[in-house]
Amino acid sequence: MKKVLLVFGTRPEAIKMCPLVKRFQNYPDDFETMVCVTGQHRQMLDQVLSVFDVKPDYDLNIMQQGQDLYDVTSRVLVGMRDVIQQTSPDVVLVHGDTTTSFAAALAAFYQHVAVGHVEAGLRTYNTYSPWPEELNRQLTGRITTYHFSPTPLSEQNLRSEHVQGEIIVTGNTVIDALHMVVDRLHTDNQLTAQVANNLLQAGYDLNRLSDGRRMVLITGHRRENFGEGFINMLSAIKDLSEQFLGVDFVYPMHLNPNVRRPISELFGIDTAIDSSVQAIGNLFFINPLEYLEFVMMMERSTLVLTDSGGIQEEAPGLGKPVLVMRDTTERPEAVESGTVKLVGTNRELIVRETSRLLTDAAYYDQMHRAVNPYGDGHACERIVQMLLGA
Ligand code: UD1
Ligand code: UDP
């Protein structure tokens, strides 16, 4: 019996690790499965745990309002020292590139415990873009024994870096998560109605789209975009909402105060976490959505404007064009297949590219193809099988 400790702390890690927790739990004779959440995110993490019905065994509960990288790194490192000492796992599994991932991997290394890295090998090779994620994943890769790469390209990155340990291509577990949710949404009418109602309560009525209105879904939260980049992104969204009155622009706002402050300042609205939904005509600022609600919004959107990593993987699978408001991406696969395009944080470029997708049907059709370079929905099973044989 192997003891496996899965560690995660933020919304995207939870979405991508919860299906893996479930998969390990299907093998109770082979694995003792333990879950530790760091609580780097609180509300946004708890939203995901409840959707997937995962109950952590340990919760470091580290989040502080306006935390910085020192706060998160040190609190995770020290918290994980004690959890690893208590649980003596055979392997600690971390995900991706957050500060939780790196600090938890380092904590495992300090006690000579093997690390498995899920979503290993993504790279921009620019340590300040995304920041600090590029270095988090490179450093985690140096500590890791089992590298679970989502694509052949990420495997190739690791091979060319001559990392130690074993590397296998598994697909991305986000596609496992997406399949689980889409299957539920497509087969359970009662659930679909409930999710639509939850969206209404959250501040967006999907019935608005029944008369040919369209909707652009927006998210933004990257640290390297804070300041000027963010103001540019918001100014572009403002321009677009004024130019396209027949289109709704819906922005579920990340809870980071660095995201909410500029929105409040530029649009003159209350973005406090407990404030109610703020709509300015066809522009809707709402709270972060639960995963089922967000997936339904992606499905109903015309296109997605984002700087998120995970959404670059999900939206192409749903056939939605994605304009990525960043200068670099560690996910070039969907750019190559033509459904994702980088537009940076340049106001004019964001407006131009979005306008083109909203007005040029032939151009839209080129990007509106369901492609899925990120997996077949069986990534978790491959990870479990690899560790069964290890
Ligand atoms: C973190 C990750 C980033 C990931 C993102 C996903 C790091 C350094 N950053 O960035 O890689 O893409 O999560 O969303 O690991 N907050 C809340 N409630 C929540 C979550 C956040 O109030 O549930 C607020 C808090 O004030 C917190 C702040 O947001 O201090 C920032 O959270 P933090 O995890 O440090 O940074 P993110 O920008 O969320
Ligand atoms: N997401 C969500 N609700 C929202 C916005 C995003 O459930 O209101 C999901 C989205 O589907 C994706 C993940 O959160 O799976 C992306 O998280 P985020 O953009 O915060 O982080 P990143 O992927 O950039 O690290």
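As a basis for the values below, the full set of heavy atoms in this structure was taken, side chains included, without hydrogen atoms, waters or symmetry mates. Small disclaimer: the values here were computed from a predicted structure and weren't measured. First listed ligand is number 1; within each ligand, the first listed atom is number 1.
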Which residue holds the protein heavy atom closest to atom 20 (O) of ligand 2, what is that atom called, and what is the gap in Å? Arg11 NH2, 2.8 Å

So is Ile15 polar-close to ligand 2, meaning N/O to N/O under 3.5 Å? no

Suppose I only count heavy atoms of Tyr291 and a 4.0 Å limit; which atoms of ligand 2 are within that range? 7 (O), 11 (O), 15 (O)

If the cut-off is 4.0 Å to any non-hydrogen atom of Gly309, which atoms of ligand 2 fall inside it? 22 (P), 23 (O), 24 (O)

Considering heavy atoms of the protein only, find what lies nearest to atom 23 (O) of ligand 2 and give residue, atom and distance to 0.1 Å. Gly310 N, 2.7 Å

Measure and list all N/O to N/O distances between ligand 1 and the protein that fall under 3.5 angstrom.
unit_1   : atom_1 : unit_2 : atom_2 : d
ligand 1 : 11 (O) : Glu133 : OE2    : 2.5
ligand 1 : 12 (O) : Arg222 : NH2    : 3.0
ligand 1 : 13 (O) : His41  : NE2    : 3.2
ligand 1 : 14 (O) : His254 : NE2    : 3.0
ligand 1 : 15 (O) : Gln40  : NE2    : 2.9
ligand 1 : 15 (O) : Thr99  : N      : 2.8
ligand 1 : 18 (N) : Gln43  : OE1    : 2.7
ligand 1 : 22 (O) : Gln65  : NE2    : 3.3
ligand 1 : 23 (O) : Arg42  : N      : 3.1
ligand 1 : 23 (O) : Gln43  : N      : 3.1
ligand 1 : 23 (O) : Gln43  : OE1    : 3.2
ligand 1 : 23 (O) : Met44  : N      : 2.9
ligand 1 : 26 (O) : Gln65  : OE1    : 2.6
ligand 1 : 26 (O) : Gly66  : N      : 3.0
ligand 1 : 30 (O) : Gln64  : O      : 2.7
ligand 1 : 30 (O) : Gly66  : N      : 3.0
ligand 1 : 30 (O) : Gln67  : N      : 3.0
ligand 1 : 32 (O) : Gln67  : NE2    : 3.4
ligand 1 : 34 (O) : Gln40  : NE2    : 2.9
ligand 1 : 34 (O) : His41  : NE2    : 3.3
ligand 1 : 34 (O) : Gln67  : NE2    : 3.3
ligand 1 : 35 (O) : Gln67  : NE2    : 2.9
ligand 1 : 35 (O) : Arg223 : NH2    : 3.2
ligand 1 : 36 (O) : Arg223 : NH1    : 3.0
ligand 1 : 38 (O) : Asn256 : ND2    : 3.0
ligand 1 : 39 (O) : His41  : NE2    : 2.6
ligand 1 : 39 (O) : His254 : NE2    : 3.1

Report yes or no: does Ser264 contribute a side-chain atom to a donor-acceptor pair with the main-chain N or O of Ile269 at less than 3.5 Å? yes

Note: His221, heavy atoms under 4.0 Å from ligand 2, region reported as side chain

How far is atom 19 (O) of ligand 2 from the closest protein heavy atom, and which atom is that? Ser308 OG, 2.8 Å

Could you tell me if any non-hydrogen atom of Glu13 lies under 4.0 Å from any atom of ligand 2? no

So does Asp176 get a backbone contact from the side chain of Lys16, meaning a donor-acceptor N/O pair under 3.5 Å? no

What's the shortest distance from atom 8 (O) of ligand 2 to any protein heavy atom, and which residue and atom give it? Leu289 N, 2.8 Å

Quick note on ligand 2: atoms under 4.0 Å from a heavy atom of Pro288 include exactly 8 (O)

Quick test: of every protein heavy atom, which one is nearest to atom 25 (O) of ligand 2, and how far off is it to 0.1 Å? Pro12 CG, 3.4 Å

Quick check against the 3.5 Å criterion: does Ser129 have a side-chain atom that pairs as donor or acceptor with the backbone of Asn126? no

Ligand 2 to His254 polar contact by distance, N or O atoms, under 3.5 Å: no

Is a side-chain donor-acceptor pair under 3.5 Å present for Gln25 with Thr33? no

